Amino acid sequence: MKEGMGKVAVGAAVIGAAAVVGVAALVVRQRMKTSGRWARAMGIVKEFEEKCGTPEGKLKQVADALTVEMHAGLASEGGSKLKMLISYVDSLPTGNEKGVFYALDLGGTNFRVLRVELGGREEGIIHQEFAEASIPPALMCGNSDALFDYIAEKLASFIDEEEQRFHQPAGRQRELGFTFSFPVMQTSINSGTLIRWTKGFSIDDAVGQDIVAELTEALRRKGVEMRVAALVNDTIGTLAGGRYTNNDVAVAVILGTGTNAAYVERAQAIPKWHGPLPQSGEMVINMEWGNFRSSHLPLTEYDHALDVESLNPGEQIFEKLTSGMYLGEILRRVLLKMAVEASFFGDVVPPKLEIPFVLRTPDMSAIHNDSSSDLRVVGSKLKDILEISNTSLKTRRVIVELCNIVATRGARLAAAGVLGVLKKMGRDSLTEGGEKTVIAMDGGLYEHYTEYRECLESTLNELIGEEAAATIVVEHSNDGSGIGAALLAASNSLYLDQ
Ligand code: ADP
Ligand code: MG
């Protein structure tokens with residue numbers, strides 16, 4: 001019995017030893033497999049980083065290419081991928097504007113209704129108030145009436161709730177500036193037809209339609225008495241809003257869901273302008289720079305795939321590299337490839353990671369900005385959004401680095417864009433008079449993504465050089481686009497002499 005037990009025990013020990021040897025072999029194999037995976041994942045990161053490279057020389061080529069396209073777009077309609085649209089804004093706010101004016105700001109995920117009371121030179125902006133609502137996703141791809149009815153309804157309830165003191169004097173209609181941030185072919189300061197949608201909107205029956213007529217009809221359907229006095233986009237609104245408080249503002253750049261820029265051009269330098277020369281000799285140009293494209297842009301396989309699968313393939317390439325709608329999505333695509341080809345998150349590809357646009361840019365910036373020693377924000381974002389848990393610190397570090405690669409490329413390219421505009425204006429180097437050039441910037445990406453904003457500003461200084469950088473100022477124009485549209489409604493009011 002005892003012996004027997006011993007035999008059994010010995011036997012078990014032998015089996016145990018064999019099992020230990022087996023487990024050890026497995027661990028070694030597993031480790032080799034894991035390090036093979038890690039190496040493969042790092043290979044993907046390294047290749048991505050190389051393809052995203054934006055050395056100074058490349059940025060200068062991008063800037064030069066943009067300047068060339070600006071000339072071509074101004075020369076003739078359809079002369080360039082850059083539309084260089086004539087805004088019909090030939091005078092910017094002076095500060096003398098007076099009265100109560102309204103603005104509607106549509107052009108992304110949120111839209112805003114505003115009221116501004118202007119008191120002229122002495123009093124400036126006496127009062128401003130706004131209401132914000134998000135656009136239900138269904139309306140972004142529905143029909144035109146549904147979208148404009150929704151907007152008109154919000155405006156109607158905004159006006160219903162306003163105090164008596166904001167009511168217009170008898171016989172005077174309310175006037176509105178409409179910030180509509182999509183490419184529009186203007187036919188006057190307050191009419192224009194939609195060229196195409198961007199930023200995830202896709203409403204077929206609105207393309208080619210007069211946007212002011214659409215809005216005016218919807219307002220009528222909702223019983224709102226309002227004259228649309230100015231049709232602009234967010235860049236022109238921001239330029240106008242910036243100029244109201246700072247006379248040196250000559251360029252506006254938006255970095256939000258999408259991206260665009262506007263600037264003040266000499267009317268004589270616009271060959272395609274056949275109207276009478278404006279008194280000011282100037283004309284604001286809406287560049288629609290989101291559609292810029294050049295062989296110098298550092299595009300990767302992920303960018304190509306994102307573009308092909310987008311609502312607007314082949315269009316808005318610069319926007320797809322630089323703006324808030326796309327940065328998180330680029331990151332998702334790289335992570336997905338690492339998950340599929342290098343089992344970066346383990347044997348199973350996290351199903352959530354396969355959902356397009358699941359990783360939004362605000363989440364990406366939170367990951368990028370995580371300064372905790374154990375990167376706990378990264379961990380919780382991965383868990384909450386992608387349902388990936390138990391990531392190692394090493395893994396999290398790699399993800400932060402990927403954010404840095406994507407954001408740095410975007411911000412540096414945006415800076416190159418600004419340089420291109422300054423070159424066209426002859427303001428990229430110190431001018432004889434040493435005038436200041438102020439660039440009014442706005443948009444949620446610029447405002448909230450700290451690393452992006454800092455990179456953009458330092459890159460611009462790097463590109464311009466120390467001497468000229470002293471005369472180029474970047475200014476955050478907070479919500480200038482809404483106020484700017486109201487200001488332009490004021491300067492294009494029917495009641496100017498009253
Ligand atoms: P829109 O461009 O839609 O008119 P905004 O200028 O407010 O509106 O920009 C919103 C965009 O800004 C969002 O779509 C997002 O891409 C970006 N954004 C907002 N908050 C952040 C953030 N914290 N970090 C990075 N990007 C952000
Ligand atoms: Mg906006």
Side-chain angles (χ1 to χ4, degrees), residues 103-114 130-137 139-140 147 151 177-184 197-201 232-242 252-262 286 288-290 306 310 316 318-332 356-371 377-378 381 385 400 402-404 406-411 414 440-456 476-486:
L104 260 181
D105 183 356
L106 173 73
T109 35
N110 289 319
F111 97 98
R112 250 168 307 202
V113 188
L114 278 96
F130 72 93
E132 195 166 54
S134 59
I135 301 283
L139 292 186
M140 294 168 66
L147 176 68
I151 294 166
F178 186 18
T179 305
F180 181 76
S181 303
F182 301 96
V184 164
W197 293 104
T198 55
K199 297 179 276 187
F201 279 71
V232 295
N233 72 7
D234 47 4
T235 59
I236 294 164
T238 300
L239 191 60
V253 173
I254 298 289
L255 289 155
T257 305
T259 185
N260 192 11
N286 163 22
E288 290 298 335
W289 87 357
L306 182 155
S310 70
Q316 303 292 109
F318 190 62
E319 177 163 282
K320 286 169 182 164
L321 288 168
T322 52
S323 81
M325 176 158 174
Y326 303 101
L327 299 185
E329 172 64 3
I330 299 168
L331 173 65
R332 181 194 69 88
F357 293 96
V358 70
L359 205 52
R360 296 158 51 254
T361 302
D363 297 316
M364 169 181 163
S365 83
I367 290 173
H368 195 170
N369 194 239
D370 188 356
S371 58
V377 178
V378 182
K381 286 286 174 191
I385 301 161
V400 173
L402 282 172
C403 294
N404 191 44
V406 174
T408 300
R409 179 184 64 167
M441 294 230 187
D442 199 13
L445 180 68
Y446 174 79
E447 195 179 341
H448 301 300
Y449 199 152
T450 313
E451 288 79 4
Y452 186 101
R453 182 182 58 243
E454 289 175 355
C455 178
L456 194 168
H476 178 207
S477 170
N478 202 4
D479 193 33
S481 76
I483 293 165

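Predicted model, so just to flag it, every value in this text is computed and none were measured. Just so you know, these numbers use all the heavy atoms, side chains as well, and skip hydrogens, waters and symmetry mates. Counting convention: from 1, in listed order, for ligands and their atoms alike.
- Side chains of T408 and N404: a donor-acceptor N/O pair is present below 3.5 angstrom, by distance only.
- For the side-chain hydrogen bond (donor to acceptor under 3.5 Å, both in side chains) with S181, the lone residue among D234, T257, T235 that qualifies is D234.
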Write none if no such pair exists; otherwise list each N/O atom of ligand 1 with its protein N/O partner under 3.5 Å and the distance.
{"residue": "ligand 1", "atom": "2 (O)", "partner": "T257", "partner atom": "N", "Å": "2.9"}
{"residue": "ligand 1", "atom": "2 (O)", "partner": "T257", "partner atom": "OG1", "Å": "3.2"}
{"residue": "ligand 1", "atom": "3 (O)", "partner": "T109", "partner atom": "N", "Å": "3.3"}
{"residue": "ligand 1", "atom": "3 (O)", "partner": "T257", "partner atom": "OG1", "Å": "2.6"}
{"residue": "ligand 1", "atom": "6 (O)", "partner": "G444", "partner atom": "N", "Å": "2.9"}
{"residue": "ligand 1", "atom": "9 (O)", "partner": "G444", "partner atom": "N", "Å": "3.2"}
{"residue": "ligand 1", "atom": "12 (O)", "partner": "L445", "partner atom": "N", "Å": "3.3"}
{"residue": "ligand 1", "atom": "14 (O)", "partner": "T257", "partner atom": "OG1", "Å": "3.0"}
{"residue": "ligand 1", "atom": "16 (O)", "partner": "G324", "partner atom": "O", "Å": "3.2"}
{"residue": "ligand 1", "atom": "24 (N)", "partner": "S365", "partner atom": "OG", "Å": "2.7"}

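- Between D442 and T238, the side chains place no donor N or O within less than 3.5 Å of an acceptor N or O (distance only, hydrogens not considered).
- Partners of F180 according to the ring pair (Phe, Tyr, Trp, His ring centres under 6.0 Å) rule, which considers only residues two or more places apart in sequence or in another chain, are F178, F182, W197.
- The ring pair (Phe, Tyr, Trp, His ring centres under 6.0 Å) check on Y449 picks up H368, with sequence neighbours excluded.
- Applying the ring pair (Phe, Tyr, Trp, His ring centres under 6.0 Å) test to H448 and every residue at least two apart in sequence or in another chain returns nothing.
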